[in-house]
Amino acid sequence: MPLLDSSKRRRARTRGTTPQAGPDAPVLYWMSRDQRIDDNWALLRACDVAEAHGAPVVIVCNVRATCLGAGARQCGFMLRGLRELERNAAARNVGFALTRGDDPATAIDAFAKKIGSKTIVCDFSPLRDELRWRKEFAALCDARSAHFEECDAHNVVPCWEASDKLEVGARTLRGRLAKRYPEFLREFPEMPTVSAAYRGPAIEEVKWDAVLAEALERGAAVPEVTWAVPGETAARAVLDDFVNNRMRLYEKRNDPSKPRALSGLSPWLHFGQISGQRCALEAKKAVGKASPPAYDAFFEELVVRRELSDNFCYYSPQYDRIEGQKYDWAKDTLREHAADKRPYVYTLEELERAKTHDDLWNASQRELRYGGKMHGFCRMYWAKKILEWTESPEQALEFAIYLNDTYSLDGRDPSGYVGCMWSIVGVHDQGWKEREIFGKIRYMTYESTKKKFSIPDYVARVNALVKAAKSGETSRVANPGLFAIDIAGAKKRKAEAMG
DNA sequence: ATCGGCTCGCGCAA
DNA sequence: TGCGCGAAGCCGAT
């Protein structure tokens, strides 16, 4: 029986009983946030338990009929990624099923009972719906004495291990994370081929074309983008291109006219099609091809700030509301300036259609709407200006989150909520010199961005992107990052690596 | 171009 | 209890 090392045990939180599995009692992995086969601690845990008991492994993913109202852009990306994942699972002798319940806990429980599974592993998310479903599912497991484990496969240091409280900012979490890197920031074990094949009741075949067609039709208002190729293989190709060819540019990351300086990995990271820990490990190996400062800056954003977002959402359940800000200075200052005269007041529709007086803001919104992604620096400026140009901080937050969740491939992510809360409500920030509307919340100006980079260059890049998106071209012009994604090459390298 | 003050809470020394 | 530190910026003084 393979022994679990201590870090693997702490990645999982267990409910009560000990695992029960066998040739006719598969170990079930309820996959939601981490949609990949490689470098997935939750799947590795399921495989460990299964091997110890001679049991098969089955992955189940629940897709609700409404997809939480997500557009074709996000649903298409996810479902196409899952279609690839099903094939990769089969290659490791792992089964795959899709359930379609509006109540995930009930749907997964029914599926587990159907295949005779009494040990279920799931992954972790700090978002409220995800937490509620896992809690409901845990109660269903208790009721039938099934074993349930929750494994943080998304963070380098599991969210509940990194800190047991809401952190004030990056500087307090950074040290706590660093202390745990020797334990957690290690190479992954290879994903094994599971010995026991699933031979229980037949699992319904996924009709991918039909599932995709339905999602694309329902979400047609926000069409798919062509530049981002979904799936684990494409994700790895983007990572390899970044660390080998582009990480050396990372110190230029705050210049939106130079998109190649960014990793561009956020869509794949959001759906868990690549592991953040894998990105960190590969970046470290390639530090010589870039520079220590570039690597440090990338690591800070990839690990520290991303895991800080999980910490915030997990310990601040009102993570998408003004009340989610713990500190009074920020809430008080916004209230004190609530009646200040706004220089412009735009409706949601005017914002959505990028009809403001500001060419930098409009370009940012158009990049989001037509490209499904916004440059990191622009995200800050964009959200700060929504605070400045709407009736109230509450409305600003609502509009910013709506636009991000609707149009961004990485919408509905803790990082997105925290980004909006940082910009508008001062979360993880401190007070600054008091001024109109913003009070002590950090301010950003058009004038100073003009000194930092060429706004016309950025606007021109976005115009090209929008033109390509509207004409349905799959050209590299439509690719905000101009990534040369070498899918065939990535597949070949993977095949070679697997022998 | 560069620097310091702005403002705040935490962490640590005393 | 008090002081140093940071934080993806701004602004005015040098």
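Chain letters run A, B, ... following the sequence lines, proteins first, then strands; residues in each count from 1.
B:dC6 atom C1' lies 16 Å from atom OH of A:Y443, rounded to whole Å. Between A:K451 atom NZ and C:dG9 atom P the separation is 13 Å, expressed in whole Å. A straight line from NZ of A:K384 to C1' of C:dA7 spans 11 Å, rounded to a whole angstrom. In this entry the distance linking OH of A:Y250 with P of C:dA8 reads 12 Å, nearest Å. When the P atom of C:dC11 is taken as reference, atom NZ of A:K440 falls 18 Å away, rounded to whole Å. We find that CD of A:Q430 is positioned 15 Å from C1' of C:dC10, with the value rounded to whole Å. Atom CH2 in A:W329 sits about 15 Å away from atom P in C:dA7, given to the nearest Å. Here the C1' atom of nucleotide C:dA8 and the CD1 atom of A:I441 are 15 Å apart, to the nearest Å.
Defined by atom type and a distance below 3.5 Å, a donor-acceptor pair is missing between the side-chain atoms of A:Q395 and A:T390.
Taking atom P on both nucleotides, C:dC10 is separated from B:dG9 by 22 Å, rounded to a whole Å. Spacing of P atoms, C:dT1 relative to B:dT7, comes out at 24 Å, to the nearest Å. Across the P atoms, C:dG9 and B:dC10 are found 23 Å apart, a figure rounded to whole Å. Comparing B:dA1 with C:dA8, their P atoms sit 23 Å apart, to the nearest whole Å.
Between A:K433 and C:dC11 there is no side-chain polar atom (N or O) within less than 4.0 angstrom of OP1 or OP2. Applying the 4.0 Å criterion to OP1 and OP2 of B:dC10, one finds that A:Y327 has a side-chain N or O inside that range. Between A:T172 and the phosphate of B:dC10, there is no side-chain N or O to OP1/OP2 separation shorter than 4.0 Å. Distances shorter than 4.0 Å separate none of the side-chain N or O atoms of A:R435 from OP1 or OP2 on C:dG9. Here A:R171 does not reach the OP1 or OP2 of B:dC12: none of its side-chain N or O atoms lies under 4.0 Å away.
Using a distance-only test at 3.5 Å, with no hydrogens or angles considered, a donor-acceptor pair links the side chain of A:D413 to the main chain of A:S415.
The base of C:dA7 does not come close enough to the side chain of A:R442 for any donor and acceptor atom to sit less than 3.5 Å apart.
By the 4.0 Å N-to-carboxylate-O rule, A:E388 lies too far from A:R342 to be salt-bridged with it.
A:L85 has its side chain within reach of A:M31: a pair of non-hydrogen atoms, C-beta onward, lies under 4.5 Å apart.
Aromatic pair A:W268/A:F77: centroids less than 6.0 angstrom apart.
The residue A:F377 sits apart from the nucleic acid: no heavy atom pair falls under 4.0 Å. The residue A:K452 sits close only to the backbone: its heavy atoms come under 4.0 Å of sugar-phosphate atoms, none of a base. Nucleic acid contact for A:W432: base, since at least one base atom lies under 4.0 Å from a heavy atom of the residue. Across all strands shown, A:R379 has no heavy atoms under 4.0 Å from either base or sugar-phosphate atoms. Note on A:R305: a base of the nucleic acid sits closer than 4.0 angstrom, heavy atoms only.
In this structure, A:K384 satisfies the cation-pi test against A:W422, with its NZ or CZ atom closer than 6.0 Å to the six-membered ring centre and inside 45 degrees of the ring normal.
Taking the side chain of A:K165 as heavy atoms from C-beta on, and the options C:dC11, C:dA7, B:dG11, the nearest nucleotide is B:dG11. Closest contact between the side chain of A:T445 and the listed nucleotides B:dC10, C:dC10, C:dA8 involves C:dC10.
Pair assignment for C:dA8 gives none, since no Watson-Crick or G-U wobble pairing has each distance under 3.5 Å.
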